Amino acid sequence: MRHIYEWRRNLDRVVDSFWWATIDIVFWGLTANYLKQTGTTNPQIVYLFIGGILLWVIVQNSQRDINMPLLNDAWNRNLINLFTTPIRLREFILGTIILGLFKLTLTVIFLAVIAYLLYQFNIFIFGFYLIPAVINLILVGWWIGFLINGLILRFGYRIESFAWAFIFVIYPFSAVIYPVSALPGWARFISAFLPTSYIFENMRSILFTGTFSIQYILISLSLNLIYIVLSLLFMNRMFTEALKNAKLVKLN
Amino acid sequence: MSDTVIEVKNLTKKFGSFTAVDDISFSVEEGEIIGLLGPNGAGKTTTIQMLLGLITPSFGDIKIMGKDLKAQKEEILGLTNFSSSYTHLPWRLTVWENLYVVALLYSVESPKDQVARVIKIMGLSEVKNKTINELSSGWITKVNLARTFLNMPKLMLLDEPTASLDPEGAMEVRREILKFKKENGASILWTSHNMAEVEEICDRVIFLNKGKIFAVDTPYGLANTIKTCRISLMIEDGRERLKSIAEKNNWKVLITERFSTVELDEEKIPLFLNSLTETGIKYSQISIDKPTLEDFFITTAKQINE
């Protein structure tokens, strides 16, 4: 509730949710349109770019929506007020997840409409695949968010920029636009451990062949479940340590 | 419910080789107001933060309302509330929104009604729709205090609750806190650097120094450990004679244009007054100041530093 009140009045957060993603869609859509017009590439290139960016926004925003409530409370010097109420860490996280899902839904609907109006890109082109893809991409955002929350609790403001920057560590290896096969060997090895790479491989497969691999969905989901458990354990451990070392108080 | 609201045994907090709180034990009874005093770095804030579960103790036990803080933290926090001049409220939220969110966090019954009640009690009606960043520090302190009343706590931990208020505002806040305490039988742990305030409202004072309990007594009892009184006189004739009387008796004297002040033990006052008469010193005004809690604080802090 508190973050909904905040979100309505905070232009920065509204910009985070809509502005940058819209810029990406418009810019890369126009770029892809240009490539298509030059006839140097596959006519599906526009959908490839728009689809990739739209799905990547899900990862990026769901991760940021896990981190921003913690950072917001730290910046507002409200963490002490918050954790002297009967709220449990898991309730705090659950609150951020619910709010994040609400905001993500609004963002995706908005971007899907923009993509349709500008490039006639219909997000439902992915059909049933959209459901497992979105779930998996949200899970990726969450485990990276939990990991960053743990790091913020451990290292404080020194690493607050991770909330915006860290996600881009996995970006090149996720094969959002280009296929995994275009990556060098060492990068392909990394990409094999990223749930995102399987989702985007499937996305391309649907666009070019109309089919997708169930196996890829299962691999992605399995990796996500492992990472979610590990990241939650990590964050919980860091919270316990923050109470021992007075880091939660210092973060305030 | 137990009559002892806070029971702290052998509480210790170490950060590496530094000991912030060193093996302290104390208790707070139901309805009692305890002042937690001490110089900066004495361990007051660390102690309060351990009582709130914000810092895990290295050793020792904390029981609040008979419940173990380690095992029943959320249950305890539901019956407690905290206010500090050093924490802020989300500044983009209005006063009403801030209080409503806190009421929800404490699962208060009929939260909207309770928020309205607290707004009325604390005189916040005129600012209830303003965001926190539109308020003066005095108003923010009042809102911070208002949030502590929302869950009708049985224990309030107040860290310098009147720090940024003017004397009238501070008096008003103290009055409301005392009224709340009287009506609800709440116990209060209060830290402040305003000694007159502590003297006025605290039943007992725990004086901390370097993480240890240095003294526990009533404010009057602590002030009484200081035996020195201050006598100020407006001398019309005989400043030099006053100086020689003080020097002869080893009393501290400070002579200025208007007033001359002599520091001496309370029992020596008759002797001093006799000396004034015998030596014919003429004065137009005289005031005798008995030691206060502030004198205890200053003297103790000085001794500690030496």
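Proteins get letters first, then strands, A, B, ... in listed order; numbering begins at 1 in each. Model, not experiment: these values are computed from the prediction.
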**Q.** More than 12 heavy atoms of other groups within 6.0 Å of A:Tyr116 OH
**A.** no
Q. Rounded to the nearest 0.5 Å, how far does NZ of A:Lys244 lie from NZ of B:Lys14?
A. 15.5 Å
**Q.** Non-hydrogen atoms of A:Asn76 and B:Trp91 that approach each other most closely
**A.** OD1-CD1, 2.6 Å
Q) How far does CD1 of B:Ile55 sit from NZ of A:Lys247, to the nearest 0.5 angstrom? A) 12.5 Å
Q: Can you tell which part of B:Lys73 gets under 4.5 Å to a heavy atom of chain A, answering side chain, backbone, both or neither?
A: side chain
Q: Report, as yes or no, whether the 6.0 Å neighbourhood of atom NZ on B:Lys181 holds more than 12 heavy atoms from other residues, nucleotides or ligands.
A: yes
(Q) Is it true that, when you exclude A:Phe124 itself, more than 12 heavy atoms of the residues, nucleotides or ligands shown sit nearer than 6.0 Å to its CZ? (A) no
Q. Rounded to the nearest 0.5 Å, how far does CG of B:Leu150 lie from OG1 of A:Thr85?
A. 11.5 Å
Q: Decide if atom CZ of B:Phe15 counts as having more than 12 heavy atoms of other residues, nucleotides or ligands within a radius under 6.0 Å.
A: yes
Q. Does the side-chain contact (heavy atoms from CB on, under 4.5 Å) test come out yes or no for B:Leu105 and A:Leu82, once each step is laid out?
A. CA-CA 8 Å; B:Leu105 286 169; A:Leu82 185 69; 3.9 Å; yes
Q: Check the pair B:Gln49, A:Leu248 against side-chain contact (heavy atoms from CB on, under 4.5 Å), reporting the backbone distance first and the verdict last.
A: CA-CA 11 Å; B:Gln49 285 166 346; A:Leu248 185 73; over 6 Å; no
(Q) Would A:Asn81 and B:Leu89 count as a side-chain contact (heavy atoms from CB on, under 4.5 Å) here? Give the steps. (A) CA-CA 8 Å; A:Asn81 283 334; B:Leu89 294 161; 3.8 Å; yes
Q. With a 4.5 Å heavy-atom cut-off, do A:Ile80 and B:Leu54 have their side chains touching?
A. yes
(Q) Return the OG1 to CG distance between A:Thr84 and B:Leu52, rounded to the nearest 0.5 Å. (A) 6.0 Å
(Q) Using every non-hydrogen atom in the two residues, find where A:Pro86 and B:Gly78 come nearest and quote the distance to one decimal. (A) CG-CA, 3.5 Å
Q) From B:Tyr106 OH over to A:Ile87 CD1, what is the distance, rounded to the nearest 0.5 angstrom? A) 11.0 Å
